[in-house]
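What follows is one structure encoded as structure tokens, with my remarks underneath.
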Amino acid sequence: MGKSMKGWMSTGVSVMLAASLAAGCSSGQEASKGAAQPGAGEPKKEAQAGAKTESKPLAIKMFAGLYNDVPDMNNAYWTEWQKRTNSKLDIEWVPDGDLNTKLDLLLASGDLPEVLASPTSTRPTLLNAIRNGAFWDLTPFLGDLSQYPNLKNNLAKDALKYLTVDGKIYAVPRSRSRIDPGIKIRKDWLDKLNIPVPTTLDEYAAALKKIVTSDPDGNGKNDTLGLIGHGVIVNDGDASFAAGFGASDPTYNAEGGLIESRLTPQYADLVAWFRGLYQDGVLPKEFAVMKKTQAEELYKTGMAASYVRSIWWDDEWEKSIAKTQPNPKILDLQLKGPKGDAVDLQTGVSGGYYISKKVPEEKVKQLLKYFDYTASQEITDLGYYGIEGVHYKSVDGQKVLTEQGVKEVNTTSKGAGVLAYAKWGKVESASGTKAFNDAKKKEVEKFDEIGKVNPFAFSQSTTWNNTWTKYENEWKAMVTKAIVGQITMDEYKAYIDKLNNLPEMKTAFKEFAASYKQFMGK
């Protein structure tokens, strides 16, 4: 059976962080290409006559995800961000593991901040709020994007299209690279146990089975975990594996409806595979309730062999593991599944910034100017590396974070702006050497070619949103029961057939099919 996590404690709690900076001027600051004229929410510049241009910083109240320690909004990084963007940020930072729950509660309350930074654009509660008029339709403001050159030129393909609801744009994107999650494994443990690098999902499962029974950390205890994750089965942790089983391929029912990926026969095959992992002790007993904060802590302290998360964590986590274990090496695997490559490809858009309808129209325009500037290359470089000489230094042509940079420039520091699209943005580690990052890019260079974007990352159905909430918890329970052996796979499949034959599900699948067809232009 799987190992336990006894003694581990989660410390993530939601926090409110209000930051106040005095209004000030910046002189000699060149705005990036396409930046607007100085004003609230826009970069400050010197006037032609040499006098400083005064403009009041744009105050922004925002809800955003917290992926690291709570930031000090008066530190060097955030002071520089607010100075360059001429903004004054008041952000409620919510730990990633609690984000969806807090997001749902916030949307239900109707007491929205000026800006909601959502990590997803398809969450049912968010879509319902949009259709109920909670957020501004940005389509008429953005127009042909001629007033927003950075949003026009620096985003991933179809970025704004991914943020449309009923043909209207309701957010500007949180740009993230298409190559993002990797199936990580401890390469040093493979080498120690003379296990070849897995190339298929079955080889991967066999490797983990051997690792968890071989005391790879040498502590004399049978306590090594195999595959861990934040709800590895029923959240985003399963997406890469699902792709390998073909669950990310469009699958239609007899009526031409597009079956939601979790209700496909391919996903049932994935559940059966996970069932085998559980029987072999590869999945820990707590897999169904493990939070992201717990999984991350377990992995970066050397307690587990495999975890699915963004590739750019590898250098930081290797250094963390090295505090207690010698020479750790994390490898992101390229695995073949029975029906494809186990690579989950992102859209290039990780949710977006939604502006509450309570915000006056004039301020909406100021906020869009702010977001356009955050999509410039200048602010993107700041978001990834901070200030030269303070947060990073150049070593062999590579920007390498200093000790202060590692502390202040991280995933959370990218959470207040759009940023320009960067192919290797979720692969390169700002704390890694050039050699490390070059090797990491080579490791995953084919992901952009072989990976699959799940069609439900953008396909929409109102009926699904209104229906799935009634069955989601029950479905999760059935998945868990199937994996741990409390029900047979035939019983699980019969349950899925029952769901798929509900009239409202068939209607939802037809709506998904129409949405997918419209998006793909077919």
Side-chain angles (χ1 to χ4, degrees), residues 1-10 12 95-101 181-186 189 198 201-202 204-213 216 221-245 247 261-262 267-310 313 317 333 335 337 342 344 472-489 491-492 495-496:
M1 299 300 288
K3 309 297 187 298
S4 84
M5 307 184 305
K6 196 174 294 184
W8 195 94
M9 295 179 62
S10 172
D96 188 30
D98 302 321
L99 191 54
N100 284 333
T101 299
I183 300 175
K184 305 180 189 302
I185 199 166
R186 286 287 298 274
W189 286 354
L201 285 176
D202 285 343
Y204 165 80
L208 291 182
K209 182 179 179 180
K210 184 173 182 180
I211 288 174
V212 299
T213 58
K221 300 178 182 179
N222 188 27
D223 60 354
T224 299
L225 303 174
L227 170 62
I228 58 170
H230 37 285
V232 64
I233 313 307
V234 295
N235 277 325
D236 52 352
D238 64 348
S240 296
F241 300 113
F245 279 87
S261 58
R262 289 167 287 186
Y267 196 93
D269 292 339
L270 171 62
V271 172
W273 184 73
F274 278 131
R275 182 186 178 100
L277 296 190
Y278 187 83
Q279 291 172 345
D280 288 339
V282 171
L283 284 182
K285 294 179 181 179
E286 301 84 355
F287 74 89
V289 296
M290 190 179 294
K291 292 186 177 181
K292 186 176 288 187
T293 49
Q294 294 172 315
E296 180 177 326
E297 185 66 20
L298 286 166
Y299 202 71
K300 71 181 185 181
T301 54
M303 295 290 292
S306 187
Y307 182 28
V308 182
R309 276 290 291 277
S310 298
W313 288 109
W317 288 351
L333 296 168
L335 301 171
D344 179 46
E472 184 174 14
N473 288 335
E474 179 183 71
W475 173 81
K476 288 180 180 180
M478 292 297 284
V479 170
T480 301
K481 288 178 181 179
I483 291 171
V484 303
Q486 291 180 3
I487 61 173
T488 67
M489 283 306 302
E491 288 173 316
Y492 173 76
Y495 169 74
I496 296 300

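Numbering starts at 1 and runs along the sequence shown.
When every heavy atom of Y204 is checked against every heavy atom of S306, the shortest pair comes out as OH-OG, 2.7 Å. Residue D238 comes nearest to L270 through the heavy atom pair O-CD2, 4.3 Å, listed as atom of the first residue, atom of the second, then distance. Contact between V212 and L225 at its shortest, heavy atoms only, is CG1-C, 3.8 Å. Nearest approach of A295 to I228, heavy atoms of both residues: O-CD1, 3.4 Å. Closest heavy-atom contact between T480 and A288: OG1-CB, 3.6 Å. Smallest separation of non-hydrogen atoms from A342 and L201: CB-CD2, 4.2 Å.
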Apply side chain to side chain contact (heavy atoms under 4.5 Å, CB included) to residues L298 and M290 and explain how you reach the verdict. CA-CA 10 Å; L298 286 166; M290 190 179 294; 4.0 Å; yes

Test log, rule side chain to side chain contact (heavy atoms under 4.5 Å, CB included), inputs Y495 and I487: CA-CA 11 Å; Y495 169 74; I487 61 173; over 6 Å; no

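Taking 4.5 Å as the limit, some side-chain heavy atom of W317 sits within range of a side-chain heavy atom of E296. Side chains of Y299 and R309 form no contact here, defined as non-hydrogen atoms less than 4.5 Å apart. R186 is not listed as a side-chain neighbour of P216, based on a closest heavy-atom distance of 4.5 Å or more. Side-chain contact between V484 and K285 is absent, with no heavy atoms from C-beta onward closer than 4.5 Å. Contact of the L277 side chain with the F241 side chain is not registered, since no non-hydrogen atoms from C-beta on lie closer than 4.5 Å.
Interatomic distance, E286 CD to K291 NZ, rounded to the nearest 0.5 Å: 14.0 Å. Here the straight-line distance linking atom CG of D96 with atom OG1 of T293 works out to 8.5 Å at 0.5 Å rounding. Going from atom CH2 of W313 over to atom NZ of K300 covers 7.5 Å, rounded to the nearest 0.5 Å. To the nearest 0.5 Å, the span separating OH on Y267 from CD1 on I496 amounts to 9.5 Å. Here D202 contributes atom CG and L335 contributes atom CG; the two are 10.0 Å apart, rounded to the nearest 0.5 Å. Rounding to the nearest 0.5 Å gives a distance of 7.0 Å between CD of E491 and CE of M478.
Looking only at distances, a side-chain donor or acceptor of R275 sits under 3.5 Å from a matching main-chain atom of A482. Counting only distance, with no hydrogens or angles, the side chain of S310 and the backbone of P181 share no donor-acceptor pair below 3.5 Å. Looking only at distances, no side-chain donor or acceptor of Y307 sits under 3.5 Å from a matching main-chain atom of I185.
The salt bridge (charged side-chain N to carboxylate O under 4.0 Å, His left out) check on D269 picks up nothing, with sequence neighbours excluded. By the salt bridge (charged side-chain N to carboxylate O under 4.0 Å, His left out) test, K209 pairs with D280, sequence neighbours left out.
The aromatic ring centres of F287 and F274 sit 6.0 Å or more apart.
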